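Below: one structure, written as structure tokens.
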2 protein chains.
Amino acid sequence: MATRIVEPEAGPRSKRAAILAAAVDHFGEAGFEATKWSMVAERVGIGQTALYHYFESKTHCLLTIMRQELQRSHDMFTEATADVEEPVEALRAAVRAAYDVSDQEVLQMRILQNHMDLLSGPRKSKREEAERVAARQLVQLVERDWTNLLVRGMSQGAFPLRDAQLLGAGVLGLIVSVWRWYRPSGPTPLSEVSEMIEGACVRMVAT
Amino acid sequence: MATRIVEPEAGPRSKRAAILAAAVDHFGEAGFEATKWSMVAERVGIGQTALYHYFESKTHCLLTIMRQELQRSHDMFTEATADVEEPVEALRAAVRAAYDVSDQEVLQMRILQNHMDLLSGPRKSKREEAERVAARQLVQLVERDWTNLLVRGMSQGAFPLRDAQLLGAGVLGLIVSVWRWYRPSGPTPLSEVSEMIEGACVRMVAT
DNA sequence: GATCAACCTGAGCCAAGTTCAATTCAGTTA
DNA sequence: TAACTGAATTGAACTTGGCTCAGGTTGATC
């Protein structure tokens with residue numbers, strides 16, 4: 001279980017990374033459906049059939065983007081909370097880490113949130129299914145990250161006792177809901193969002 | 001502005017309602033993409049081209065479902081909070097109303113959440129665009145419902161002063177995030193979810 | 001400079017949504 | 001009851017966009 005997918009190492013003229021970057025731009029800005037697979041190829045500067053050398057399908061590319069973003073989220077959570085003993089401080093650190101992202105990563109989070117439903121049903125092709133299963137495991141990992149944080153705080157007496165699973169889902173839901181509406185070009189800077197959510201989470205959990 | 005779309009009144013042999021119901025089932029269970037438009041026709045018992053008598057496209061049907069659900073959400077909020085003076089009680093009533101839904105409505109909320117991104121970009125066809133714009137207005141209406149509730153509570157001194165817009169978005173995000181994972185057949189009854197979220201919202205807002 | 005794997009392409013296939021001209025059906029008018 | 005009307009319905013053809021295939025190019029390695 002929990003086999004971390006190894007990214008295919010890049011041959012010197014591999015366009016895989018460029019394709020992923022172009023796909024993130026298009027999927028994030030225009031939406032997955034609205035993006036023609038051929039537009040991604042065009043952006044990269046290759047024929048559309050060349051895409052199939054790297055990805056089995058448009059959806060396979062999407063799932064890869066989602067899985068990568070989930071991996072990053074989990075890694076960032078772990079790194080941010082690793083050496084923070086105090087539960088409230090750990091919670092704060094985790095929230096701040098969640099919003100410490102680049103513009104490209106904002107797009108990836110948006111893509112992830114907008115297509116979560118893809119992870120529920122099984123896929124027909126092998127490689128798509130592999131990415132889907134990996135992504136699902138990562139979702140559960142991230143959920144567990146948050147519930148564990150809450151459980152720890154509750155058992156230490158820093159947080160009142162509540163259903164940690166349910167409350168964790170709430171906290172996570174609150175945090176990621178931001179990616180539905182947040183735009184880097186919008187009126188509210190991410191730092192402000194981060195502070196607001198941080199406070200809200202603490203009140204939700206530690207009151 | 002804010003022109004409420006009038007549902008075409010049903011001629012005695014109109015299948016519009018049946019189509020919408022069948023579409024909600026399919027879109028909600030299998031997902032919009034995974035559902036073949038012809039499957040909906042089959043369920044209703046008509047040929048697939050007959051669908052185009054009622055809806056301009058598969059997407060037009062989806063947008064209609066979303067707009068209807070948003071309308072319902074707004075109406076329920078208004079009804080639930082209408083004669084509740086006390087801000088905390090009004091907040092509680094609003095949350096409870098949000099989770100006072102039938103299984104069919106759970107599906108509609110899921111569909112709505114899974115395709116919010118459709119509302120951002122403009123549509124090519126007239127009727128689709130009309131539904132999209134109406135839905136967007138309703139989204140803003142619902143957002144305003146929640147911020148107004150918070151503003152009222154803050155000005156009455158029942159809630160501490162905070163950015164009501166941002167906090168409102170958070171509360172709403174928390175509430176609707178449930179529809180991503182909740183299943184009527186799942187282990188957690190909706191009543192339990194409702195209570196948890198109600199408490200969380202109060203702590204978030206009134207602490 | 002031969003070999004092999006990685007990489008790329010043009011031509012065309014196929015599924016699913018959509019359009020259209022023709023037709024049926026229910027209710028209304030004469 | 002025959003003629004008429006508009007809503008409802010259909011089969012067949014069309015369109016779009018993701019995808020397959022058979023074969024060609026490139027460049028690292030020996």
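It should be emphasised that the depicted structure is a prediction, and the values quoted were computed from it without experimental measurement. In what follows, every chain begins at residue 1, and chains take the letters A, B, ... in the order their sequences are listed.
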**Along DNA chain C, first and last positions that approach a heavy atom of chain A under 4.0 Å** = C:dA6 to C:dA11

**Item:** Whole-Å distance separating the CD1 atom of A:Ile46 from the P atom of D:dT26
**Value:** 16 Å

**Request:** Measure from NE2 on A:His26 to P on D:dG17 and round the result to the nearest Å.
**Result:** 14 Å

**Message:** Would you say B:Glu128 and B:Thr59 are linked by a side-chain donor-acceptor pair, where the criterion is simply a distance under 3.5 Å?
**Reply:** no

**Prompt:** With a 4.5 Å limit on heavy-atom distance, are the side chains of A:Glu192 and A:Glu195 in contact?
**Reply:** no

**Request:** Ignoring backbone atoms, establish whether B:Lys15 has a side-chain N or O less than 4.0 Å from OP1 or OP2 of D:dT9.
**Result:** yes

**Message:** Any non-hydrogen side-chain atom of B:Met154 less than 4.5 Å from a side-chain atom of B:Leu167?
**Reply:** yes

**Asked** If you look at every strand shown and take non-hydrogen atoms under 4.0 Å, does A:Ser125 touch a base, only sugar-phosphate, or nothing?
**Response** nothing

**Asked** Expressed in angstrom and rounded to an integer, what is the separation of A:His60 atom NE2 from D:dG18 atom P?
**Response** 17 Å

**Complete:** Taking every heavy atom of A:Lys58 against every heavy atom of A:Phe32, the minimum-distance pair comes out as NZ-O, 2.9 Å

**Request:** Verify whether one side chain among A:Thr147 and A:Gln165 offers a donor that lies under 3.5 Å from an acceptor in the other.
**Result:** no

**Prompt:** Does the ring center of A:Tyr99 lie less than 6.0 Å from the ring center of A:Trp179?
**Reply:** yes

**Fill in**
The correct set of residues in residues 48-59 of chain B placing a heavy atom under 4.0 Å from DNA chain D is B:Thr49, B:Ala50, B:His53, B:Tyr54

**Request:** Determine yes or no for a side-chain-to-main-chain donor-acceptor pair under 3.5 angstrom, with B:Arg162 supplying the side chain and B:Val205 the backbone.
**Result:** yes

**Message:** Is it the case that atom CD in B:Gln140 sees more than 12 heavy atoms from other parts of the structure closer than 6.0 Å?
**Reply:** yes

